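The structure appears below as structure tokens.
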Protein chains: 2
Amino acid sequence: MRWDELDKEACSVARTVSVIGDRWTLLVLRECFLRVRRFEEFQTRLGITRHLLADRLRKLVKAGVLQKVAYQDRPKRYEYRLTDRGLDLHPLMMAIVHWGDTHMAGRRGRPLLHRHKACGQDFDPVTVCSQCGEPVDARGVHVHPGPGAPRMARA
Amino acid sequence: MRWDELDKEACSVARTVSVIGDRWTLLVLRECFLRVRRFEEFQTRLGITRHLLADRLRKLVKAGVLQKVAYQDRPKRYEYRLTDRGLDLHPLMMAIVHWGDTHMAGRRGRPLLHRHKACGQDFDPVTVCSQCGEPVDARGVHVHPGPGAPRMARA
DNA sequence: GTCGTGGGTTCCAATTTGGAACTTGCTTCA
DNA sequence: TGAAGCAAGTTCCAAATTGGAACCCACGAC
């Protein structure tokens, strides 16, 4: 299986991974959520090679996660902003950060804190069930085939 | 920056990405959550080369996400199971699946459904604030440096 | 003793990365 | 008028990683 076949799999994990399943892409997205928008700034902050950065930004734009917005003419200059589709990756980012905070934090504690503007407090993300509102964990979930399952449903 | 420097960054995203920020690793984990445990079964289901599979499983074991458990002697055979640390990746997996379901589903709909055993209904994961219990989205969160921030706090 | 099975390892070619220099359009400063 | 700077890329090449396929080993079954 190659990158370009991945998004054709009948699996939402595979399809999401085809967009974000890459080290640099995830780090670029981290910066996007920290309000970084310009090529040079991504490059300096991440230490990624310009070549790869251009490639990853291009792919994210093609995937509809970022959009190029001109912020000046003569010479034309663009910046990259999260689209609504990109903003929807927020729970995924929070889940990544939270796992890192929980399992990989150094002895000095977590590098960043997240404050919920609505209640004013620093918080952790909690995943709950959309139906009953109770927290969900791995053992409390049963997976079964949906309408888009391949004929030989996996699992 | 190279793979082996990534886990030293003072950033929970970078540190998590150093463990799971790889296409095959995420697909291996998908299978783990679908109760796949054995080398051959991973290999057949994923179409990954045996070489890479061995490498990714080794790395996941080293990261404490999976553990090797002997399921027979003579000849010794092992299977790979999620540890508690691995099970904690469940919200992350759910977030990946949910984004794919929302933004990448084919016209036939989502491939898999998730049933919450506690309430018996198919559900979507919702990310809420651990303090007030209300849903959280990108625009409602303010990020600020925590105790583990580098001296020049990023953002 | 030959076949099958599970869990790997080895080898090599093809692809992807990393690093550094070069390009393009336009502005500013001397 | 010319030199220098800036943002956003692109080009080139060496080094690392992947994909594909074959090979290995311990055992058990036929």
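Note that this is a predicted model, so its numbers are computed, not measured. Throughout, a chain's letter reflects where its sequence line sits, starting with A, and its residues are numbered from 1.
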First encountered from the 5' end of DNA chain C, between A:D22 and B:L57: B:L57
Could you give the CG-to-C1' distance, from B:L53 to C:dG8, as a whole number of Å? 10 Å
Please report, rounded to the nearest Å, how far the C1' atom of D:dT18 is from the CG atom of B:D55. 11 Å
Using only side-chain N and O atoms of A:Y78, determine if any of them is under 4.0 Å from OP1 or OP2 of C:dG25. no
side-chain hydrogen bond (donor to acceptor under 3.5 Å, both in side chains) between A:D88 and B:H103: does it pass, once the steps are laid out? CA-CA 9 Å; A:D88 274 358; B:H103 295 287; 2.6 Å; yes
Checking all strands, does B:Y80 fall into the base, sugar-phosphate, or nothing category for heavy-atom contacts under 4.0 angstrom? sugar-phosphate
Would you sort out whether A:E31 and A:R45 count as a salt bridge (charged side-chain N to carboxylate O under 4.0 Å, His left out), showing the intermediate values? CA-CA 8 Å; A:E31 299 300 322; A:R45 292 176 60 108; 2.5 Å; yes
Taking only Lys NZ, Arg NE, NH1 and NH2, and the carboxylate oxygens of Asp or Glu, determine whether A:D124 and A:R110 approach each other closer than 4.0 Å. yes
So, B:T16 side chain and A:I96 main chain: donor-acceptor pair closer than 3.5 Å or not? yes
Any N or O donor-acceptor pair linking the side chain of A:R77 to the base of D:dA7 at under 3.5 Å? yes
Give the rounded distance in Å between these two atoms: CD1 of B:I48 and C1' of D:dA21. 15 Å
Expressed as a whole number of angstroms, how long is the span from A:W24:CH2 to C:dT17:P? 11 Å
First of A:K68 and B:K76 reached from the 5' end of DNA chain D, by closest nucleotide: A:K68
Check B:K76 with B:D73, please: is the shortest side-chain N to carboxylate O separation under 4.0 Å? yes
d(CD, B:E79; P, C:dG8) in whole Å: 12 Å
At under 4.0 Å, does any side-chain N or O of A:R23 touch on OP1 or OP2 of C:dT16? no
Output a table of nitrogen or oxygen pairs between the protein and nucleotides 10-13 of chain D separated by less than 3.5 Å.
{"unit_1": "D:dT10", "atom_1": "OP2", "unit_2": "A:R58", "atom_2": "NH1", "d": "3.3"}

List the residues meeting side-chain contact (heavy atoms from CB on, under 4.5 Å) with A:R139, not counting sequence neighbours, and say none if there are none. A:D137, B:D84, B:L87
Integer-rounded Å distance: D:dA8 C1' and A:R45 CZ: 18 Å
Between B:R38 (CZ) and C:dG8 (P), how many Å, whole number? 12 Å
Hits for side-chain contact (heavy atoms from CB on, under 4.5 Å) against B:H142, two or more places apart or cross-chain, chain-then-number order -> A:R115, A:K117, B:H144
Taking CG from A:L52 and P from C:dA20, how many angstroms apart are they, rounded to a whole number? 14 Å
Is any side-chain nitrogen or oxygen of A:R56 closer than 4.0 Å to OP1 or OP2 of C:dT17? yes
